[in-house]
Amino acid sequence: MNLDTDFMLSDFPTVFAALPSTLLLSLDSMLWALVFALICGGAQLAKIPVLDKVTLVINTFIKGIPLVVQLLFCYYAVPYVVKWFDGLTGRAYDPRHLPYFGAAVLALALNFGAYITDVVISSARAVDKGQWESAYACGMTRFQALRRIVAPQIAIISLPNMTNYFIWLLKGTSLASIVNVTEMLTTARLSASDGYQFLEAYIDAAVIYWIVCACIEWASGRLYRSAGRYLASPSGGASQHSNRS
C-alpha cells in the first residue's frame, strides 16, 4: 500500500478550510469552561456553605464520565430538558431539531471546565497570602485587591496549565463529529470517502492539528516569559531593597 501524495496535497486545502469552525468550537467551549470553572472554583475557595460541596460533587461526577458519553447525553437529553421551558421565552422548542453545535459546546465546556476548576483553585492558593495583607494595608477593599493584585497573578500562574487544557480541548473537538458537528476530522473523512483515501486525509488533519497546537504552545510560552517577570516574590523585592539601602 502506497500513500497517494498527490491526493494529500490536493486535499490539504479542503481539510484546512474546516479549521475556522474547529477553532470557533474550541474558543466557545473554552470560554464557557472558564465561566464554569470560575463559578465552581470561587465557590470552593470562598467555602460558601452547601454550594462548595455541591460544586465539588458536580466536578467529581463530570470528571468520572467519558467525554463521548457527555457529548451523546447533551445531544439527545438536553433538547428534552429545554422542551420543559416551552413558552417561557416566547418560543417553542422541538426536540427533533437538535442543536448540534450547542450540544458540543455544552459537553466540552462542562468536561474541561471541571478540570480547569482545579487549575483555578491551585493557582489561587499559590498566591502568597501576604499579597492580600499588603493590599488591605494600602486601604484596598477585597474586590480591589482581587482585581488589581491577586487576579493578574492567578492568570499568569495558571497560563501554562490553561494552555495545555486548551490544546487538549482543541484536539477533543474531533469527537464532536459523533454529534454531527462538522470540523476538521469530519471534513477529512468526507473528502476521502469517494476514493477511500482515509489515511491520506487523516494525515492532512494530523499535520494541521500539530501545527496549530505548536503555534499555541509557542505563543503561550512567549506570553508567560513576558508576563512572568511581574511575579517577583515579596521577599526577593525586600532583599533587593535592603541591598540598595
Side-chain angles (χ1 to χ4, degrees), residues 1-37 62 65-76 78-79 96-116 119 159-224:
M1 179 179 177
N2 296 322
L3 288 176
D4 189 346
T5 55
D6 292 336
F7 175 79
M8 288 176 59
L9 294 174
S10 62
D11 191 55
F12 191 89
T14 302
V15 179
F16 185 80
L19 178 59
S21 61
T22 300
L23 291 176
L24 179 62
L25 177 60
S26 302
L27 292 172
D28 280 355
S29 302
M30 190 65 180
L31 174 62
W32 290 110
L34 285 172
V35 172
F36 180 77
I62 292 174
I65 300 177
L67 176 57
V68 173
V69 177
Q70 294 179 36
L71 281 164
L72 293 173
F73 178 83
C74 291
Y75 180 69
Y76 288 110
V78 170
R96 293 173 298 178
H97 298 161
L98 302 177
Y100 306 133
F101 189 86
V105 169
L106 178 61
L108 289 166
L110 291 176
N111 184 272
F112 284 89
Y115 291 98
I116 294 174
V119 177
L159 183 59
N161 284 328
M162 289 293 187
T163 302
N164 288 334
Y165 277 115
F166 180 70
I167 290 175
W168 291 338
L169 192 155
L170 175 64
K171 293 183 290 187
T173 57
S174 60
L175 295 176
S177 59
I178 67 174
V179 291
N180 295 331
V181 174
T182 302
E183 35 69 58
M184 281 201 299
L185 193 64
T186 304
T187 303
R189 183 174 67 250
L190 293 175
S191 65
S193 59
D194 290 338
Y196 291 93
Q197 296 160 309
F198 294 102
L199 179 59
E200 291 84 349
Y202 290 151
I203 290 176
D204 286 340
V207 170
I208 296 172
Y209 275 119
W210 172 67
I211 293 174
V212 173
C213 291
C215 291
I216 293 173
E217 192 169 2
W218 174 82
S220 174
R222 289 289 300 271
L223 179 61
Y224 183 76

Checking L24, V181, L25 against V105 for side-chain contact (heavy atoms from CB on, under 4.5 Å), the one that qualifies is L25
Looking only at heavy atoms, the pair that brings D4 and E200 closest together is N-OE2, 2.9 Å
With sequence neighbours left out, the residues meeting side chain to side chain donor-acceptor pair (under 3.5 Å) with S21 are none
field: Minimum side-chain heavy-atom gap L23-V212 below 4.5 Å
entry: yes
* Ignoring hydrogens and angles, tell me if any N or O in the side chain of S220 forms a donor-acceptor pair with the backbone of I216 under 3.5 Å. => no
Atom CD of E217 with >12 non-hydrogen neighbours under 6.0 angstrom
no
Value for OG (S29) from CG (L169), rounded to nearest 0.5 Å, stands at 5.0 Å
Value for OG1 (T182) from CZ (R189), rounded to nearest 0.5 Å, stands at 9.0 Å
Smallest heavy-atom separation, L71 atom then A104 atom, equals CD2-CA, 3.9 Å
The reported gap from CZ in F36 to CZ in F112 (rounded to nearest 0.5 angstrom) is 13.5 Å
task: Could you check if a side-chain atom of L67 sits within less than 4.5 angstrom of a side-chain atom of L108, using non-hydrogen atoms only?
output: yes
Here the gap from C74 atom SG to N111 atom CG, rounded to the nearest 0.5 Å, amounts to 10.0 Å
When every non-hydrogen atom of V119 is compared with those of M162, the smallest separation belongs to CG1-CE, 4.1 Å
**OP:** Give the ring-plane orientation class for F16 versus F12, where under 30° counts as parallel, over 60° as perpendicular and anything between as tilted.
**Re:** parallel
Evaluate the side-chain proximity of W32 to L110: yes if any heavy-atom separation is below 4.5 Å, no if none is.
-> no
Checking side chain to side chain contact (heavy atoms under 4.5 Å, CB included) for the pair Y209/T173: CA distance, chi angles, key distance, verdict? CA-CA 11 Å; Y209 275 119; T173 57; 4.2 Å; yes
- Query: Is there a side-chain contact between L27 and L31, using heavy atoms and a 4.5 Å cut-off?
  - Reply: no
Go through it in stages, so that I can follow the logic: the residues are M184 and S174, the test is side chain to side chain contact (heavy atoms under 4.5 Å, CB included), and I'd like the CA-CA distance, side-chain angles, deciding distance and then a yes or no. CA-CA 7 Å; M184 281 201 299; S174 60; over 6 Å; no
Shortest non-hydrogen pair, S10 vs T14, comes out as O-OG1, 4.3 Å
d(T163 OG1, L223 CG) to nearest 0.5 Å is 8.0 Å
Rounding to 0.5 Å, atoms CZ (F198) and OG (S191) come to a distance of 9.0 Å
Assess whether atom CZ of F7 is packed by more than 12 heavy atoms of other residues, nucleotides or ligands within 6.0 Å. yes
Paired with D11, the side-chain contact (heavy atoms from CB on, under 4.5 Å) test is passed by just one of T187, I203, D204, namely D204
Practice task
Please state whether the rings of Y75 and Y100 are parallel, tilted or perpendicular, taking 30° and 60° as the class boundaries.
Solution key: parallel
For V15 and A201, the nearest pair of non-hydrogen atoms, with its separation, is CG2-O, 4.4 Å
Closest non-hydrogen atoms of F101 and D28, given as atom of the first, atom of the second and distance, are CE2-OD2, 3.5 Å
